[in-house]
Amino acid sequence: MEDYSAKPAIENLDDPPNSRLFVVASRSVTEDELRNGFCSFGDIQGVWVVKDKQTKESKGICYVKFSKSSQACLAMEEMHGKVLVDGTKPIKVFIAQSRSSGRHRDVEDEELTRIFVMIPKTFSEDDLKDTFKEYGDIEYCVIIKNKSTGESKGLGYVRYYKPSQAAHAIENCDKSYRAILAEPRTKQSNNEEYSGGGAPRVEYASGVAGGGVDSMNQYGFQMAPADPGNYQVMDYRSGEFSRCLMVSTRAALTQEQLFALFDLIPGMNYCELQRDSYGMSKGHALIRYNNYGSAVYAKEKLNGFEFPPGNRLQVNFVDDGEDHSSSVSRMASQFVAAQMFSTAYNGPSSSQVMKHPSYSSAPQMSRIQTNVSLPSLKKLAPPDSRSKERLFVVFNPAPLPVDILEDVFCRFGSLIEVHLVPGRTVGYMKYADKKCADDAMAALHGQVVNGVKMKVMLADPPREESHKRARTY
DNA sequence: CGACGGGACGC
DNA sequence: CGACGGGACGC
């Protein structure tokens, strides 16, 4: 572009792919005006107005290069049809064709809104949607299945409404999904499946990112982001609360797992899995706290919580045979709930202990529950550090959330990143320093954290990068 | 005792 | 309709 000092090779003009805009504007529009009009959408790497070789007059076509495809797409979505300079014609904005592809058709939204991903075979289309909705409004999700058996092939398509959303997903989703733009279907089929096929997409959906607000939508005990409104919604005057909770679970959970989970809230003094006469779990457990606020809070946080992932716990109050409608107990429960909530809400995002300075009778609540004596928190090594050692970790029964794992595994120093294998119960811990990895392994192998047992081993070296297809986004 | 990769839609 | 310039690091 116009920055000669960093002149990109021709083949880099579209690196990353779809990060360059083709703009049709009035011949009077200057590069500065373009830069001004587009700079709010991202990092502009270059602006170029194409001019006639001889006369040096603008031909009314321009290129704007962004550093990311999502920025270019957003700029396109927002600026197409806008008047850039008063009194000039509205501009047209498209993703530029890559310079090597000798095409002469506009790049259509159809080609920019559907991504192709690799997913665990256990994923349902709803799982797929849940995973990718954080990047934008999804029109539909499809999983490729064996036509006779109906079993998933571990591949899926996600159609977004906007190119910027698909780009956002490709840029930000976990690398293991290997998200790329889907090649358009070979023929334009005439059927009306998904209502996307034939008709050109004219207008984008109006809503902002699909606001499915499940505060518990990913497994992991998410303390921080809970919606403050939840607390006002709770009706403390109804008398519909107590210190006792009944947990119902369809999946077989051990008493230890339930204990670890509900003991995250301070004040638990009883946890018993109900068994039948053969000692088999009946799928119910009784929990009791020593105060109303903890029980209220536990129900609020853990009802609907998925543990293990895919198994929603149901948590309800059960009668503890006490009169808790008095103003004293009401105030007490409100007080504790508010205390705990504000601590959780304002508290350190990845720290080990939550202190309750003005409520001394509450034990300290840790989001990490383990017998291991953990060193203090350490900083993560920069993401671009060279990995010197990788640990392979097997979780039982289910993987711990990434933020918890970071919290635990960082404490031995030089942790670069935590990587969970989607759909499996295993993960990798990348360390920049071999000794740190060895220390972590020695301290954590065979240990239990938040009710999850871990095997911590040295990872086999990754298989050599073979003939990998270039990503086409 | 678990493992990273890989890849395409009934025309 | 509306598709691809100008000019040089440092061996």
Side-chain angles (χ1 to χ4, degrees), chain A residues 1-8 10 13-14 20-27 31 46-53 56 58-63 65 89 91-107 114-119 121 140-148 153-157 159 174-191 193-194 196-197 387 390-399 419-428 430 453-472:
Chain A
M1 298 274 170
E2 88 295 350
D3 185 2
Y4 304 136
S5 64
K7 180 207 163 194
I10 283 180
L13 274 181
D14 298 287
R20 196 172 56 122
L21 294 180
F22 171 59
V23 180
V24 184
S26 275
R27 297 177 191 275
E31 284 171 358
V47 179
W48 168 34
V49 170
V50 177
K51 305 196 180 80
D52 183 281
K53 277 265 177 28
K56 306 283 191 191
S58 163
K59 290 160 80 169
I61 61 185
C62 327
Y63 294 91
K65 173 72 174 73
K89 67 179 183 189
I91 60 174
K92 296 183 224 176
V93 186
F94 305 90
I95 293 293
Q97 294 150 6
S98 75
R99 228 169 172 188
S100 47
S101 86
R103 286 194 349 182
H104 273 276
R105 229 174 59 240
D106 291 340
V107 178
R114 192 176 64 142
I115 65 172
F116 180 51
V117 293
M118 310 189 68
I119 50 178
K121 290 206 168 56
Y140 64 81
C141 291
V142 176
I143 286 175
I144 303 174
K145 301 184 185 114
N146 180 311
K147 288 179 288 279
S148 42
K153 293 186 175 172
L155 298 169
Y157 294 99
R159 172 78 75 180
D174 191 282
K175 289 184 291 295
S176 62
Y177 294 115
R178 307 202 72 84
I180 58 175
L181 277 182
E183 299 290 343
R185 303 183 62 132
T186 42
K187 271 257 174 78
Q188 191 68 273
S189 64
N190 248 349
N191 59 29
E193 265 189 312
Y194 317 129
S387 169
R390 274 187 334 153
L391 299 179
F392 177 58
V393 184
V394 182
F395 304 94
N396 193 342
H419 169 68
L420 290 180
V421 181
R424 314 244 83 114
T425 58
V426 302
Y428 295 91
K430 254 168 70 176
K453 182 158 184 175
M454 299 184 297
K455 297 183 187 175
V456 184
M457 294 153 286
L458 291 184
D460 293 337
R463 225 179 86 176
E464 282 314 312
E465 296 265 324
S466 48
H467 35 275
K468 203 171 58 179
R469 192 181 123 183
R471 290 159 72 109
T472 57

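Sequence lines set the chain letters: A, B, ... in the order given, protein chains first and strands last, and positions in each chain run from 1.
Across all strands shown, A:D106 has heavy atoms under 4.0 Å from base atoms, whether or not it also approaches the sugar-phosphate. At a threshold of 4.0 angstrom between heavy atoms, the contacts of A:V117 include nucleobase atoms, whether or not backbone atoms are also involved.
At C:dG2, none of the side-chain N or O atoms of A:K59 fall inside 4.0 Å of OP1 or OP2 (strictly under the cut-off). Contact annotation: A:K89 reaches the phosphate of C:dG2 (side-chain N/O to OP1 or OP2, under 4.0 Å). For the OP1/OP2 pair of C:dG5 and a distance below 4.0 Å, the side-chain nitrogens and oxygens of A:R99 include at least one atom meeting the criterion.
Nearest-nucleotide positions on DNA chain C for A:R27 and A:K51 put A:R27 closer to the 5' end.
Spacing between atom CZ of A:F392 and atom P of B:dG2 amounts to 9 Å, rounded to whole angstrom units. Whole-Å rounding puts the A:F22 CZ to C:dC1 P distance at 12 Å. Rounded to an integer number of Å, the gap from NZ of A:K145 to P of B:dC9 is 14 Å.
Evaluation of the salt bridge (charged side-chain N to carboxylate O under 4.0 Å, His left out) rule for A:K145 yields A:E125 as partners, not counting sequence neighbours. Not counting sequence neighbours, the partners of A:F22 by the ring pair (Phe, Tyr, Trp, His ring centres under 6.0 Å) test are A:Y63.
In this entry the base of B:dC1 is anti relative to its sugar, with a glycosidic angle more than 90° from 0.
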